[in-house]
Amino acid sequence: MRHNKNIALSVKDLKTYFYTNNRCNKAVNGVSFDIEKGKTLCVVGESGCGKSVTASTIMQLLPTLSRIEEGEIIFHKDNEKINIEKLERNGKEMREIRGSDIAMIFQDPMTALNPVYTVGFQIAENLKYHTTLSKKEIREKTIRLLDDMGIPLPEQRVDEYPHSYSGGMRQRAMIAMAMACNPKILIADEPTTALDVTIQAQIFELMDNLKKNYNTAIMLITHDMGVVAELADNVAVMYMGNIVESGTADDVLRRPTHPYTKALLDSVPVLGRGRDQDIKPIKGSTPDPYDRPIGCQFAPRCNWRTESCDIMPEISNISETHEIRCHKYKEIFQY
Amino acid sequence: MIFVISFLVYFGLDLTPGDAVSHMISPELAATITPEKLEAMREAYGLNATFLERYWIWLTSCLKGDFGYSMAGGVAIKDIMVKTIPATLELSIVALIISTILGCSLGILSALKKGSATDSGLTVAGMAGVSIPEFFFALVAILIFGMHFQWLPVGGRLLPHYETLLDRIPNIIMPSMVLALALTAGAMRYSRSSMLDVLSREFIKTARSKGLPEWRINILHGFRVALTPVVVLIGFRLPLLIGGSTIIEQVFQWPGIGNMFIRSVRASDYPLVMMISLMYVFVVLTASLLIDLLTALIDPRVRLGKE
């Protein structure tokens with residue numbers, strides 16, 4: 001564990017379980033990570049590995065039939081430490097953190113905005129509940145926010161409804177909404193999955209600027225390894241509710257050590273290598289969350305598997321920043 | 001639209017056996033009357049003209065504001081309408097207001113407490129309210145509140161000694177409540193499912209992620225969006241309320257249009273039947289226009305572009 005004053009949020013051994021039909025889905029099963037101020041943490045992993053659940057857990061936006069079982073989510077607010085997991089789900093303290101200290105943007109900007117209110121109204125709502133600004137100031141700030149996000153004619157656009165915005169503009173509006181109160185942490189749950197590539201680049205550039213200008217810590221959930229390479233300061237790779245490998249972007253992308261990370265990077269097609277390039281899909285498929293392997297979750301699909309893999313590996317440090325959850329890392333790791 | 005329907009109604013009435021004259025004369029008279037006399041009567045009422053001619057005469061005088069006279073009793077239809085419409089409107093508006101407010105709030109409650117005992121209880125009550133016919137409720141209500149406890153009058157609208165508005169309230173309670181009952185149940189089921197649908201949408205999560213209080217999320221973000229289909233449902237009920245209250249008006253001896261309609265059909269009072277059915281058509285058309293305007297008001301996506 002790295003200890004420094006720049007940590008905005010640290011998650012320790014977090015477990016979030018879902019209960020359906022008397023069965024328990026251990027969606028997040030012992031996740032630990034830190035988000036640093038002014039840095040981007042990219043969380044990658046295939047669908048259903050618990051990335052979004054981790055994000056929702058931090059915001060306490062989980063569905064009713066789920067519970068934080070164990071672990072800590074510590075939010076470092078100025079000099080105060082707030083244990084988010086202890087707050088009441090929709091209670092006053094949690095609501096004060098949401099939107100003002102930690103803000104979130106969602107996958108699909110098409111459905112994330114309420115269709116019956118103007119974009120301005122929806123951004124202003126945030127300011128109304130978290131600041132003491134007057135109505136006039138709120139309006140000016142809303143317009144300024146839209147302007148900052150690169151929306152043309154903000155004075156006019158502020159009074160328009162989401163349906164007259166394009167997908168990219170809606171996501172910009174969402175970011176404006178999230179950034180309204182200068183949050184310490186911005187959680188972006190696959191913010192560009194629903195957008196086309198050119199818009200994606202613009203949105204990421206926007207987020208990168210925000211990080212630089214406001215020292216906002218960003219937790220970016222994504223599938224896209226290209227995005228990770230471009231934006232990430234730190235990377236966490238998740239598989240079946242665990243972080244299997246984490247470290248700086250250099251650690252994870254240049255010296256991937258966990259067999260899953262290696263496999264994940266091998267399965268990404270590279271532009272320019274032509275159509276004959278060797279894309280290796282990861283063999284097998286993700287296990288049923290109700291019928292998990294006993295030890296290392298990746299073991300059944302892993303080429304390095306040995307008997308010791310029937311026991312869940314502990315987190316080991318390869319270097320000061322590079323952490324891994326694998327028994328065989330010493331053999332795999334190479335500089 | 002209204003012309004097409006008026007034509008169809010007129011045509012339908014023309015197809016029914018017998019004409020006004022045959023209903024006007026009593027059976028005893030029919031035995032003695034001469035065919036010449038009958039013919040003279042038909043001539044006098046203008047019934048010998050061709051179908052299209054008669055329709056044209058009726059239509060033009062209607063447009064001039066002359067609705068003709070009821071054949072039973074010879075009262076001007078205008079006067080009958082003036083007397084009965086307020087009674088029906090009074091009943092249906094009260095019922096509509098009660099059912100809308102009650103239905104929507106119970107529906108929201110049910111949706112927010114989904115799966116709880118409250119929700120199940122309301123669901124069962126809602127199903128019962130929708131499926132049991134209203135005349136049954138009316139009779140039960142009369143038995144309990146009118147006869148057994150004698151709290152409320154069993155029927156009627158205005159009595160000679162009634163002077164203030166307050167005097168009239170006891171009379172309207174029972175019919176409007178019974179009429180509202182079935183409507184409440186429908187509105188409740190509808191607003192519940194609409195609300196549940198909206199609450200599972202992504203923008204509710206967005207609203208929550210902004211740290212808004214729950215009431216604001218549920219009412220401002222949730223119900224406001226869930227309202228559109230409910231408004232459509234209620235709008236479509238406007239004509240139903242006037243037509244559907246026929247039974248209630250009968251049971252409670254409410255002197256409204258529904259009551260009048262049944263009497264006029266029984267007496268083959270064609271001019272009156274014509275006018276009342278036309279009025280229904282008019283109400284249906286007005287209601288759908290109203291719904292469109294209301295939806296546009298609630299849902300900005302429906303509004304026409306300003307540019």
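Numbered from 1 within each chain, the chains take letters A, B, ... in sequence-line order.
- For A:M177, the part lying under 4.5 angstrom from a heavy atom of chain B is the side chain only.
- A:A112 and B:T206 get closest at one heavy-atom pair: O-OG1, 2.7 Å.
- For A:M94, no part lies under 4.5 angstrom from a heavy atom of chain B.
- Using a 4.5 Å cut-off between heavy atoms, B:I217 makes no contact with chain A at all.
- The most heavy-atom pairs under 4.5 Å with chain B, out of A:M110, A:R98, A:Q107, come from A:R98.
- Considering only heavy atoms from C-beta on, A:F121 comes within 4.5 Å of B:L220 through its side chain.
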Is there a side-chain contact (heavy atoms from CB on, under 4.5 Å) between B:R208 and A:N90 once you walk through the steps?
CA-CA 8 Å; B:R208 205 162 267 143; A:N90 293 323; 3.7 Å; yes

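- Other residues, nucleotides and ligands contribute only 12 or fewer heavy atoms inside 6.0 Å of the CZ atom of B:F136.
- No more than 12 heavy atoms of other residues, nucleotides or ligands lie within 6.0 Å of CE in B:M177, so this atom counts as exposed by the packing criterion.
- Close approach to chain A, defined as a heavy atom under 4.5 Å from one of its heavy atoms, is seen in B:E202, B:F203 of residues 193-203 of chain B, taken by number.
- In this structure, B:R216 pairs ionically with A:E125, as a charged nitrogen and a carboxylate oxygen lie closer than 4.0 Å.
- Taking OG from B:S209 and CD1 from A:I102, the interatomic distance works out to 11.0 Å, rounded to the nearest 0.5 Å.
- Between chain B and the residues A:H130, A:M104, A:E96, the largest count of heavy-atom pairs under 4.5 Å involves A:H130.
- Proximity to chain B is absent for every atom of A:S164, based on heavy atoms less than 4.5 angstrom apart.
- Using non-hydrogen atoms only and a strict 4.5 Å limit, no part of residues 94-115 of chain B faces chain A.
- Judged by distance alone, the side chain of B:K210 and the main-chain N or O of A:Q122 form a donor-acceptor pair under 3.5 Å.
- If you measure heavy-atom distances from A:L113 to chain B, the contacts under 4.5 Å come from the backbone alone.
- For A:K92, no part lies near chain B; criterion is any non-hydrogen pair under 4.5 Å.
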